[in-house]
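The sequence lines fix the lettering, A, B, ..., with proteins before strands; numbering per chain opens at 1. Owing to the predicted nature of the structure, the values given are computational and were not obtained by experimental measurement.
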Protein chains: 2
Amino acid sequence: MNKKKISIAVIKRLPRYYRYLYDLLKLGITRISSKELSERMNITASQIRQDLNCFGGFGQQGYGYNVESLFNEISNILGVNETFHTIIVGAGHMGQALANYGNFEKRGFKVVGIFDVNPAVVGTAINGIEVLHIDKLDEFIKQNKVDIGILTVPYDQTPAVADRLARLGVKGLWNFSPMDLELEHDVVIENVHLSDSLMVLGYKLNEMRNRNKSKN
Amino acid sequence: MNKKKISIAVIKRLPRYYRYLYDLLKLGITRISSKELSERMNITASQIRQDLNCFGGFGQQGYGYNVESLFNEISNILGVNETFHTIIVGAGHMGQALANYGNFEKRGFKVVGIFDVNPAVVGTAINGIEVLHIDKLDEFIKQNKVDIGILTVPYDQTPAVADRLARLGVKGLWNFSPMDLELEHDVVIENVHLSDSLMVLGYKLNEMRNRNKSKN
DNA sequence: TAGATTGTTAATCGATTAACAATC
DNA sequence: TAGATTGTTAATCGATTAACAATC
């Protein structure tokens, strides 16, 4: 039943297709060829056709792709039409920012709980959700469906909290600490390494400066 | 003078080396072989040696790598020892979270200005830095060295603000809007697509569930 | 010295691109 | 039908891994 495994490179491009198709839809464009889309997205038409064919033949020879139906296909592949229940563990600045970011809910990610230890925030509401003390985590997860744990706790607490969530049956972790989480459990992890990204930007900046300097 | 271009795949691994070497340094480990490091990092020793040799022969046959000197080399390559001056444009939740995140300064990224249009935040201080009205952006950049603009403005304002910063001579942009910024100017851009990352997590979660289901 | 481990070349693997027959 | 464009196979490119001589 399972086809060949889809490479992570392809999967990472899916949200990008999703965004571009959404924009096309809003622009009222009903059909698009891989060539036109390739020009907009700055990738090759060949890659687009290869990528999409990992999931099925969504196009039609001589016509191209119907924007709306392709958008729906990609949405389904990404699970945007489902609702993933998430909890935010760590209601510091980053946790609060994520709790307040409306875009995630549009894509099917609903924050159902926020946890912290700090008495100054426990009991307050962020974006309409009461912050609970982390002692209530076990009870909460047992009583509520929780698909994804968003980890915005301090660095040194991250492994323990991740492990605790995994033991409680949370199958997806979105980690904001600058460490590579590895768990023995059957859990999928996405790391968001903001400082890594910033350091890459710093590197590129220096590299560009050196390039320009050596032009003289 | 220029050696062969270093691939983006290698560059993206540099912060990861940086983090692992920093940890080793803190653990008091003075030397490490590519083999030992490969086991910790879960990559091949061959890749480590290939990666490092893009920048120079930092190791010694029969010995391995000196942790401290390798850490220093990687730090220099990434520019961690320089100071990049950044401004945050958009003092919403994400902008505030980034302004309050101390880790960036440790890696040489110093927030020197924060800008917004909202009268409720203009004039307040975030992490000791006064939020200025965005009308003062031009004046500020002319009077201060600004290397990097951090874009945490609303989606539809992002292209215009990016363009404005580029015209004012800001050479690095760190973009948090879910769009692929492209500028004609000589500017390097790092996109942080949080919702893309979350959607990839959602995909992986579904994929794992389907895999487990079909095991039965 | 002998053992260990690098730096580097060569082999392999996987991802991207090109090409084109199928077909709408 | 003729033109356009897909789906898919084959070719190319680049990145990862293996191998090993050099050498500390």
Which whole-number value in Å describes the distance from Asp51(B) CG to dG7(C) P? 12 Å
Specify the separation, in whole Å, of atom NZ of Lys5(B) and atom P of dG14(D). 12 Å
Locate the shortest heavy-atom distance separating Thr83(A) from Asp147(A); write the atom from each residue and the value. O-OD2, 3.9 Å
Which nucleotide in dG7(C), dG7(D), dA15(C) has an atom nearest any side-chain atom of Asn53(B): dG7(C)
Among Ile88(A), Val117(A), Val161(A), which residue meets the side-chain contact (heavy atoms from CB on, under 4.5 Å) test with Val153(A)? Val161(A)
Please report, rounded to the nearest Å, how far the C1' atom of dA15(D) is from the CD1 atom of Ile48(B). 16 Å
Whole angstroms only, please: what is the CD1-P distance between Ile6(B) and dA15(D)? 12 Å
Where each residue is assigned the nucleotide of DNA chain C containing its nearest heavy atom, which of Arg31(B) and Ser46(B) is assigned the position nearer the 5′ end? Arg31(B)
To the side chain of Gln60(A), which of dT16(C), dT16(D), dC24(C) is closest? dC24(C)
Quick check on DNA chain C: between Tyr63(B) and Thr44(A), whose nearest nucleotide comes earlier from the 5' end? Tyr63(B)
Candidates dT16(C), dA18(D), dT9(D) - which lies nearest the side chain of Gln50(B): dA18(D)
Verify, without hydrogens or angle tests, whether Glu36(B) (side chain) and Ser33(B) (backbone) share a donor-acceptor contact under 3.5 angstrom. yes
Does Ser34(A) put a side-chain nitrogen or oxygen below 4.0 Å from OP1 or OP2 of dT5(D)? no
How many Å lie between CD1 on Ile43(B) and P on dA15(D), as a whole number? 15 Å
Would you please confirm or rule out a distance under 4.0 Å between OP1 or OP2 of dG7(D) and any side-chain N or O of Arg49(A)? no
Who is the Watson-Crick or G-U wobble partner of dG14(C), with both distances under 3.5 Å? dC13(D)
Polar contact flag, side-chain donor to acceptor under 3.5 angstrom, Asn81(A)-Asn76(A): yes
Does Tyr65(B) have a side-chain nitrogen or oxygen under 4.0 Å from the phosphate oxygens OP1 or OP2 of dC24(D)? no
Establish, yes or no, whether a centroid distance under 6.0 Å links the rings of Phe104(B) and Trp174(B). yes
Below 4.0 Å: OP1/OP2 of dT16(D) and any side-chain N or O of Gln47(B): yes
Atom-pair distance (CG on Leu52(A); P on dT8(D)), nearest Å: 12 Å
Taking the side chain of Gln61(B) as its heavy atoms from C-beta onward, which of dT16(C), dT5(C), dA15(D) lies nearest to it? dT5(C)
Figure out the CG/P separation between Asn66(B) and dT6(C), and round it to whole Å. 13 Å
Opposite nucleotide pairing with dC20(C), Watson-Crick or G-U, both atom distances under 3.5 Å: dG7(D)
Once you round it to whole Å, what is the distance between P of dT16(D) and CD1 of Ile8(B)? 12 Å
